[in-house]
Peer 1: 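What follows is a single structure, and I will ask about it in a moment.
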Protein chains: 2
Amino acid sequence: MNKFVLPEHPHCPHDHSQCVSDALSAAEQVCERAGARLTALRKRVLELVWQSHRPLGAYDLLETLAREDDRRPAPPTVYRALDFLQEQGLVHRIASLNAFIGCASPEHTHQGHFLICRNCRVAIELDQSLIHPAIAKVADQMDFSVEAETVEIAGLCSQCREAA
Amino acid sequence: MNKFVLPEHPHCPHDHSQCVSDALSAAEQVCERAGARLTALRKRVLELVWQSHRPLGAYDLLETLAREDDRRPAPPTVYRALDFLQEQGLVHRIASLNAFIGCASPEHTHQGHFLICRNCRVAIELDQSLIHPAIAKVADQMDFSVEAETVEIAGLCSQCREAA
DNA sequence: CGTAGAATTGTTATATAATAACAGTCATCG
DNA sequence: CGATGACTGTTATTATATAACAATTCTACG
Ligand SMILES: [Zn+2]
Ligand SMILES: [Zn+2]
Ligand SMILES: [Zn+2]
Ligand SMILES: [Zn+2]
């Protein structure tokens, strides 16, 4: 099945603090191995990105930082942290929402593919076993060398569809 | 093979005026059937979108309109035209570029899937015979009902790769 | 025709997202 | 310690998109 499947959902409560602590300790390891510095700020931004399984805008994160840090940071502060986290593969950007979400399996580098519910706004990261090969095959047919894949499927998750 | 394959490319000259006139006459038919009004402005914006096979930003289109129409239009003018053209399936939006491109086959409704060369910036619309089924299958496995698909593959086209 | 109602376009202002440029601070190593 | 480079703060600006309302144009009906 799909090792990226995450249980969190407005209709599916779970121990989300576990998700957060898993993400943070995975981040420590990834940065350790890469020789990159997971500073307090970067760690805090990652934690904020992981506050839910919904993509969050940079200005949402900024707002939260401002509420807690007292001295309001400016946009570049959060964008630089997000750039770093994306470089380390700890965060994905969702182009169709101008938003960011924590990566569900940062241990190996990969493109983020997502199912995004328009109702509850939860984004589920897919494993690539089906979609990536299809993309690779099409690209090969067209003699196109792939560098980045944006795959964002919008619709309704099962819980939201049943609720409606 | 791929009926969406388009010959235009910086390295592959072709009779692009044919692409434009085909797109415009297809648009007439689509709007006719839908009972929608392809006004002069909307037609002009569609023509501008089709000035190349590269996605163009709304402000690029606006700039061109301003240069020719003397009385400079404001952003809502071009955004409303683009909204209309998207509703009629005549134009796709490329989320990863904040840009717009003419649809290669507006006769039937579909999602736009693209290969986008980072060097020459040409976007090639794919047919969906391989990628769409993979998405449908994954969504089905996850009990997710799909409403929109954003698939934008960035990389290097064959001509640009060979040139490098 | 002539005009009411709807659709389209014009216009001004504003919201939202992201980056440029440069100054200050901190970590690390000799 | 300093010197160096990495990181963060700060100000200003650019890029993308929309809200709100006025003016115009089109359409259909009497
Ligand atoms: Zn969770
Ligand atoms: Zn949902
Ligand atoms: Zn052409
Ligand atoms: Zn190219």
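In what follows, every heavy atom counts, from backbone to side chain, and hydrogens, waters and symmetry copies are set aside. Just so it is clear: chains get the letters A, B, ... in the order the sequence lines come, proteins before strands, and each one is counted from 1. Since the model is a prediction, treat every value here as computed from it, not as a measurement.
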Peer 1: Whole angstrom is fine here: how far is it from CZ in B:Arg71 over to P in D:dA23?
Peer 2: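 Taking atom P of D:dA23 as the reference, CZ of B:Arg71 is at 14 Å.
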Peer 1: Whole angstrom is fine here: how far is it from CG in B:Leu82 over to C1' in C:dT8?
Peer 2: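 Rounding to the nearest Å, CG of B:Leu82 and C1' of C:dT8 are 15 Å apart.
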Peer 1: Could you state the CG-P distance from B:Leu41 to C:dG10, rounded to the nearest angstrom?
Peer 2: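 Rounding to the nearest Å, CG of B:Leu41 and P of C:dG10 are 6 Å apart.
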Peer 1: Need one value for A:Thr39: base, sugar-phosphate or nothing, where a base atom within 4.0 Å counts as base even if backbone is also close, heavy atoms only.
Peer 2: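 Sugar-phosphate contact only - A:Thr39 comes under 4.0 Å of backbone atoms but never of a base.
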Peer 1: Could you check whether any side-chain heavy atom of B:Leu65 comes within less than 4.5 Å of a side-chain heavy atom of B:Leu61, counting everything from C-beta outward?
Peer 2: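 Not touching, per the 4.5 Å side-chain cut-off.
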Peer 1: Roughly how many Å is it from CG in A:Leu62 to P in D:dT8, rounded to a whole number?
Peer 2: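 That distance rounds to 14 Å.
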Peer 1: Whole-Å distance between C:dT16 C1' and A:Glu63 CD?
Peer 2: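 Whole-Å distance recorded here is 13 Å.
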Peer 1: How about B:Cys31 and B:Phe84: do any of their side-chain heavy atoms sit closer than 4.5 Å?
Peer 2: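 Sidechains of B:Phe84 and B:Cys31: in contact.
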Peer 1: Report the C-alpha separation of B:Arg93 and B:Asn98 in whole Å, then their side-chain angles, then the decisive distance to 0.1 Å, and conclude whether the side-chain hydrogen bond (donor to acceptor under 3.5 Å, both in side chains) test is met.
Peer 2: CA-CA 7 Å; B:Arg93 180 168 189 273; B:Asn98 294 330; 3.0 Å; yes
Peer 1: Side-chain N or O of B:Arg37 less than 4.0 angstrom from OP1 or OP2 on D:dT25?
Peer 2: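 So the side-chain polar atoms of B:Arg37 never come under 4.0 Å of the phosphate oxygens OP1 or OP2 of D:dT25.
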Peer 1: Does B:Thr77 have a side-chain nitrogen or oxygen under 4.0 Å from the phosphate oxygens OP1 or OP2 of C:dT9?
Peer 2: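 No, no such contact exists.
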Peer 1: Give the rounded distance in Å between these two atoms: CG of A:Leu38 and P of D:dA6.
Peer 2: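 Nearest whole value for this atom pair: 18 Å.
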Peer 1: When you check every protein heavy atom under 4.0 Å of nucleotides 11-20 of chain D, what one-letter string (B, S, -) results, 5' to 3'?
Peer 2: B----BBBBB
Peer 1: Is there side-chain contact between A:Ile153 and A:Ile116, with heavy atoms separated by less than 4.5 Å?
Peer 2: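 No. Closest side-chain heavy atoms not under 4.5 Å.
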Peer 1: Flag the pair B:His110 / B:His92 as yes when their ring centroid distance falls below 6.0 Å, and as no otherwise.
Peer 2: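 That pair passes the under 6.0 Å test.
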Peer 1: Look at the rings of A:His53 and A:His16 and say which category their plane angle falls in: under 30° parallel, 30 to 60° tilted, over 60° perpendicular.
Peer 2: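 Ring orientation, 0 to 90° scale: perpendicular.
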